[in-house]
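Comments concern the structure below.
Bear in mind that the values here come from a model prediction, so they are computed numbers and not experimental data.
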Protein chains: 2
Amino acid sequence: MAKKASITDIAKQLGLSVSTISRALNGHDDISEATKARVWELAKELNYQPNHLAAALRKGRSNMLGLIVPHINGYFFPSVMDGIEAVASKAGFNVMMCQSNEDVRREKKNIEALLNAQVEGILVSMSRTTHEFQHFEKVQQQGIPLVFFDRMPDLANVNAVILDDYQGAYQAVKHLVEQGCTRIAHFAGPQHMNTTRNRHLGYMDALRAHGLSVDEQLVYWLPNSSHASGEAGMKELLKLPERPDAIFSSYDFPAAGAMMVLHEHNIRVPEDMAVAGFSNEPFTALTQPRLTSVDQRGEQMGESAVQLFLQMRKRTENFPAQRIVLKPKLLIRDSSLQLEVKKK
Amino acid sequence: MAKKASITDIAKQLGLSVSTISRALNGHDDISEATKARVWELAKELNYQPNHLAAALRKGRSNMLGLIVPHINGYFFPSVMDGIEAVASKAGFNVMMCQSNEDVRREKKNIEALLNAQVEGILVSMSRTTHEFQHFEKVQQQGIPLVFFDRMPDLANVNAVILDDYQGAYQAVKHLVEQGCTRIAHFAGPQHMNTTRNRHLGYMDALRAHGLSVDEQLVYWLPNSSHASGEAGMKELLKLPERPDAIFSSYDFPAAGAMMVLHEHNIRVPEDMAVAGFSNEPFTALTQPRLTSVDQRGEQMGESAVQLFLQMRKRTENFPAQRIVLKPKLLIRDSSLQLEVKKK
DNA sequence: CTGAAAGCGCTAACAG
DNA sequence: CTGTTAGCGCTTTCAG
């Protein structure tokens with residue numbers, strides 16, 4: 001196998017200088033069409049492959065964007081990635097993707113790797129175990145634009161694009177109230193994360209706003225977002241002397257798990273208990289009954305995150321931190337619908 | 001913001017040569033502990049970040065591995081990516097991930113981008129629209145190890161790790177036969193892809209091996225792998241004069257779609273019609289009834305793919321193309337179970 | 001329209 | 001144990 005051809009090989013074979021080849025290959029208009037053609041032809045013939053590393057080193061611009069997600073299970077993060085890829089590639093950026101696996105140590109390593117790779121910006125959704133932020137500060141110290149999405153730290157001066165989780169939860173619970181539910185339980189996620197904390201807050205405020213009191217007994221703290229933890233939660237709730245008549249879950253999988261348990265106990269959904277989840281996972285349209293859920297705008301979130309990055313790198317001055325908040329969308333399905341009608 | 005510190009800055013401030021710094025930073029043991037300590041300290045102080053680009057250029061080794069997946073919806077590809085990441089990072093490789101979006105043009109661009117980025121190998125699962133393979137040959141011509149996973153071209157000399165889709169389908173259909181089903185329908189995927197073609201072949205052979213004939217009327221050709229196409233397929237099958245008593249789907253989502261339609265028609269699963277899917281999506285444990293499916297060994301596939309790559313780059317000689325075939329696992333759930341018992 | 005020369009940041013002989 | 005030197009492949013002044 002022949003050694004990989006470089007710009008110098010082309011130059012020699014054509015009796016031209018490397019700079020001419022470079023310019024020809026990059027389509028500069030101060031090169032004659034004739035030479036351009038010759039260069040292109042030989043490049044093809046030699047199977048020439050530009051070395052991005054060398055160009056990036058020289059230009060001081062890698063055209064790479066770093067991305068860190070906690071995991072890629074479920075529908076949400078992949079959809080964000082779709083949005084990111086679309087906008088990034090349109091702007092001429094390649095995306096270097098890492099998973100932190102919900103582990104802050106891994107997240108730190110990801111940051112290191114991306115910084116070493118000379119990415120021009122980093123988009124990150126924090127891991128579940130991230131409680132300190134020095135590794136992020138380091139990024140900013142290097143002058144690398146840093147954009148959080150979905151999961152962000154509780155700090156003032158950070159750029160982020162997030163969902164209005166509070167509103168999403170509020171709307172879902174309001175909907176349940178309007179369907180006639182009065183004892184609405186909640187599957188709550190970790191309260192140190194902005195996302196699930198705000199869902200919990202939205203839940204509580206929606207109850208209060210509609211004259212219902214918040215009953216701590218009706219809140220089950222999910223150990224994780226699996227369907228198994230929803231099953232466990234439902235079993236707990238069924239032990240209560242007075243059973244809830246609805247459940248709002250911070251995630252879809254536990255909601256579906258709860259429905260499994262209800263089915264086993266011959267408790268009808270939504271007649272005996274209404275159920276609503278959060279994320280709008282594709283499978284929510286496939287459960288029996290279909291599951292009401294809140295859409296998280298994943299794709300749009302990804303797009304906005306890249307756009308924010310693109311803005312940041314344009315400004316020479318440190319421009320004020322921006323926070324973009326997307327509106328959630330409640331998708332009402334059979335698991336919570338027309339309770340009044342169905343009840344009788 | 002200070003200009004990013006380089007190895008030269010450290011050298012100057014310490015009155016040492018750059019090579020000493022380089023060696024110290026890389027932990028060579030021909031540098032005194034004393035100087036190592038000084039170097040490390042100043043590096044930390046200056047917020048020094050090694051420039052991987054420069055090192056890679058010089059060493060001719062990028063420590064980057066390219067990955068192309070058709071999409072990251074559903075569970076399968078993310079699980080493969082998990083396996084890839086795990087083994088790759090253990091071997092000191094960073095993964096550069098691209099999506100082809102089931103578009104061969106995009107796939108070609110991805111290949112270009114990865115080649116430009118000087119990846120040391122490429123792992124790829126072909127897009128659905130890939131019918132020609134020059135872009136892959138180009139990779140091999142450059143001497144870059146190329147490993148296909150799951151979806152591979154019909155060529156002899158390619159390295160690949162795939163699932164035994166034929167066996168998976170065969171087992172699923174055999175299971176349905178053993179449950180007493182005699183008119184087993186099939187939701188078939190595209191026949192130009194090894195995966196879904198082999199599932200179709202396994203389906204047919206399992207029927208024949210058990211004395212059942214293959215009825216073309218019972219095969220519905222899925223336009224895609226969405227649940228909607230499964231709903232459409234089920235509706236078609238219900239128009240037949242003689243209704244099937246089981247359905248084996250090439251994907252899980254259409255299988256779930258079919259179950260929705262059956263539920264609407266008050267056709268019981270599995271009593272009136274058994275259902276089995278393919279992929280073992282997490283949601284298959286959450287449908288009503290739970291869906292029988294074939295696990296695709298995603299994680300193991302990813303791990304094997306990286307291991308194969310690592311082998312390939314060790315051999316100086318072109319070693320013979322390897323094909324690793326993983327064994328599928330049939331997960332029997334309620335949607336197909338104990339038909340005989342339940343029927344009466 | 002083209003060439004010469006310098007250098008991005010780092011590593012790796014080769015010398016001491 | 002440390003320094004000198006050359007150069008990875010490319011882009012970009014500065015000169016013609």
* Taking CD1 from B/Ile31 and C1' from C/dT11, how many angstroms apart are they, rounded to a whole number? -> 13 Å
* Asked: Between B/Lys36 and B/His28, is there a donor-acceptor pair closer than 3.5 Å when you use the side chain of the first and the backbone of the second?
  -> yes
* Report which part of the nucleic acid A/Ser22 touches: base, sugar-phosphate, or nothing (heavy-atom distance under 4.0 Å, all strands). => base
* To do: Determine, for B/Arg151 against B/Glu102, whether the closest basic-nitrogen to carboxylate-oxygen distance falls under 4.0 angstrom.
  => yes
* Asked: C/dG9 phosphate, OP1 or OP2: any side-chain N/O from B/Ser6 under 4.0 angstrom?
  -> no
* Please give, in whole Å, the distance from C/dA12 P to B/Ile21 CD1? -> 16 Å
* Specify the separation, in whole Å, of atom CG of A/Asp30 and atom P of D/dG16. => 18 Å
* Take atom NZ of A/Lys59 and atom P of D/dT12, then tell me their distance rounded to the nearest Å. => 6 Å
* Asked: Atom CG of A/Leu16 to atom P of D/dT11: distance rounded to whole Å?
  -> 16 Å
* Taking atom P of C/dA6 as reference, at what distance in whole Å does atom CG of A/Leu57 sit? -> 18 Å
* Asked: Which sits closer to the 5' end of DNA chain D, B/Arg58 or A/Ile7, going by the nucleotide each is nearest to?
  -> B/Arg58
* To do: Kindly say if A/Asn51 contacts the phosphate of D/dC8, meaning a side-chain N or O under 4.0 Å from OP1 or OP2.
  => no
* Can A/Lys90 and A/Glu85 be said to form a salt bridge (Lys or Arg N to Asp or Glu O under 4.0 Å), step by step? -> CA-CA 8 Å; A/Lys90 197 162 291 175; A/Glu85 260 259 324; over 6 Å; no
* To do: Write down the distance between NE2 (B/His52) and P (C/dC8), rounded to a whole number of angstrom.
  => 20 Å
* Residue-phosphate contact under 4.0 Å: A/Thr8 side-chain N/O, D/dG9 OP1/OP2 -> no
* Side-chain N,O (B/Ser19) to OP1/OP2 (C/dC10) below 4.0 Å -> no
* For residues A/Ser19 and A/Ser22, is any side-chain donor paired with an opposing acceptor at under 3.5 Å? -> no
* **Proximity to the side chain of A/Arg23 - top-ranked nucleotide from D/dT4, C/dA4, C/dT11** => C/dA4
* Structure fact -> Atom CZ of A/Arg61 and atom C1' of C/dC8 are separated, to the nearest Å, by 15 Å
* Give the intermediate values and the outcome of side-chain hydrogen bond (donor to acceptor under 3.5 Å, both in side chains) for residues A/Glu112 and B/Gln49. => CA-CA 8 Å; A/Glu112 283 301 310; B/Gln49 199 70 38; 3.2 Å; yes
* Respond yes when some side-chain nitrogen or oxygen of A/Thr20 is under 4.0 Å from OP1 or OP2 of C/dG3, and no when none is. => yes
